[in-house]
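Quick notes on the structure that follows.
Residue numbering restarts at 1 for every chain, and letters A, B, ... go by the order of the sequence lines.
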Amino acid sequence: MLKDFAKLETFLIVVRERSFSKASAKLGISQPAVTQQIKYIEEYLDTKIIERKKNGVKLTKDGEKLLTIALRLERAIVTAEKETMKIIKKDFSFNIGASFTIGNYILPNCLGNIKEMIKNDVFVKIDSSDNIIEALIEKKIDLALIESPIFKDNIVYREWVEDEFVLFSNSPLPKTVKKEDLLTFSWICREWGSNTRRIINETLDDVGIDCTTFDIKGVVSSSTGVKHTVLKSPKFPEESPKPTVAILSKYVVQDDLVNNSLHESKIRGCKLKRKLYLAYLKDRKNDAFVDTVSSCLMCNKNLG
DNA sequence: TATGTATCGACAACGGTTCG
DNA sequence: CGAACCGTTGTCGATACATA
């Protein structure tokens, strides 16, 4: 069983995600498949390794023991993978397709790692999620990083990282604001039809906030454009009677929040979250480069 | 009672092996 | 070589079960 690391990898993801179904989304396989693999391990070891509990899963004593073994194996495999990549002398450039926010704000943090890992150049093509998936099907790119899965056969979608939208302004805001306060701001928005605008609208709608009643000062068709518009707007209270605000991915504004050129506020009782996805063609899941880059991205380090 | 989650069973796709 | 077979691994739909 140890020779077949796939099952132990599933076990590790279940432990990390504390859930069978979340693990299945991370792995890009169905939830019954995860159950089967864990069951296989339990039958093989003739012992229960995971307690299925109400709020997530918990390891048994034997499960803990298996975990330390699996972690040790995982580390060994990662270093072995690095070494085996050196054998492949193929000289080419690996093409990643990414949607705007990912390509501009998240990927730069891990590109170096990926290049180092596969010993080759990496090109990033930035476009809308739809066009990225199109390019993936046409084999113009090797891997896609997108904001929402556009379900197609022969493509594996894996939940990659969780993103959160944050409310921010170029003037200081209270730590938290109430829903009603949103009507007292001047807004800069993405255009209708953008993924960002859609998610924000839907989420706010769910908690009873109608975005169409906002005082919208500007509509800008890119995250970067929205951010810069807010940065350059008149400041509250000196230059404007209302603070100018926008909602964007935390990855877009994190640097500006740290250096205080922008200020964040939380909306009480409202979490604006979304999942970002990694996708590749099913028949390329055994490609050394697709496989290595995916695991490099999935291990989720250096995302800033 | 509605919802989320784990499990079961039937079945399909795929890869490897065997054999003519 | 290719047809037949077999094991593995996955999907889907149904169901059981616990929890809010």
Separation of [X] atom [atom1] from [N] atom [atom2], in whole Å?
{"X": "A:Lys282", "N": "C:dT9", "atom1": "NZ", "atom2": "C1'", "answer": "12 Å"}
{"X": "A:Gln37", "N": "C:dG7", "atom1": "CD", "atom2": "P", "answer": "19 Å"}
{"X": "A:Ile38", "N": "C:dT9", "atom1": "CD1", "atom2": "P", "answer": "13 Å"}
{"X": "A:Glu42", "N": "B:dC8", "atom1": "CD", "atom2": "P", "answer": "11 Å"}
{"X": "A:Gln31", "N": "C:dC12", "atom1": "CD", "atom2": "P", "answer": "12 Å"}
{"X": "A:Gln36", "N": "B:dA10", "atom1": "CD", "atom2": "P", "answer": "13 Å"}
{"X": "A:Leu8", "N": "C:dT9", "atom1": "CG", "atom2": "P", "answer": "12 Å"}
{"X": "A:Lys22", "N": "B:dG4", "atom1": "NZ", "atom2": "P", "answer": "12 Å"}

(request) Could you tell me whether the phosphate oxygens of B:dA6, OP1 or OP2, come under 4.0 Å of any side-chain nitrogen or oxygen in A:Lys39? (result)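 No, because none of the side-chain N or O atoms of A:Lys39 sits under 4.0 Å from OP1 or OP2 of B:dA6.
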
(request) Could you tell me whether the phosphate oxygens of C:dG10, OP1 or OP2, come under 4.0 Å of any side-chain nitrogen or oxygen in A:Ser30? (result)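 No, A:Ser30 has no side-chain N/O under 4.0 Å of OP1/OP2 on C:dG10.
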
(message) I'd like to know if A:Asp256 pairs up with A:Lys227 as an ion pair, taking the criterion as any Lys NZ or Arg NE/NH1/NH2 lying under 4.0 Å from an Asp or Glu carboxylate oxygen.
(response)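 Looking at A:Asp256 and A:Lys227, the cut-off is met.
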
(message) Whether A:Asp181 and A:Lys179 form a salt bridge (side-chain N of Lys/Arg under 4.0 Å from carboxylate O of Asp/Glu) is what I want to check.
(response)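 Looking at A:Lys179 and A:Asp181, the cut-off is not met.
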
(request) For A:Lys82, look at atom NZ and say whether over 12 heavy atoms of other residues, nucleotides or ligands are found less than 6.0 Å away. (result)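 No, not enclosed.
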
(request) For the residue pair A:Lys125 and A:Asn95, establish whether any side-chain heavy-atom pair is separated by less than 4.5 Å. (result)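 Counting from C-beta outward, A:Lys125 and A:Asn95 never come under 4.5 Å.
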
(message) From the set C:dG10, C:dT9, B:dT7, return the single nucleotide nearest to any side-chain atom of A:Ile29.
(response)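 Looking only at side-chain atoms, A:Ile29 lies closest to C:dG10.
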
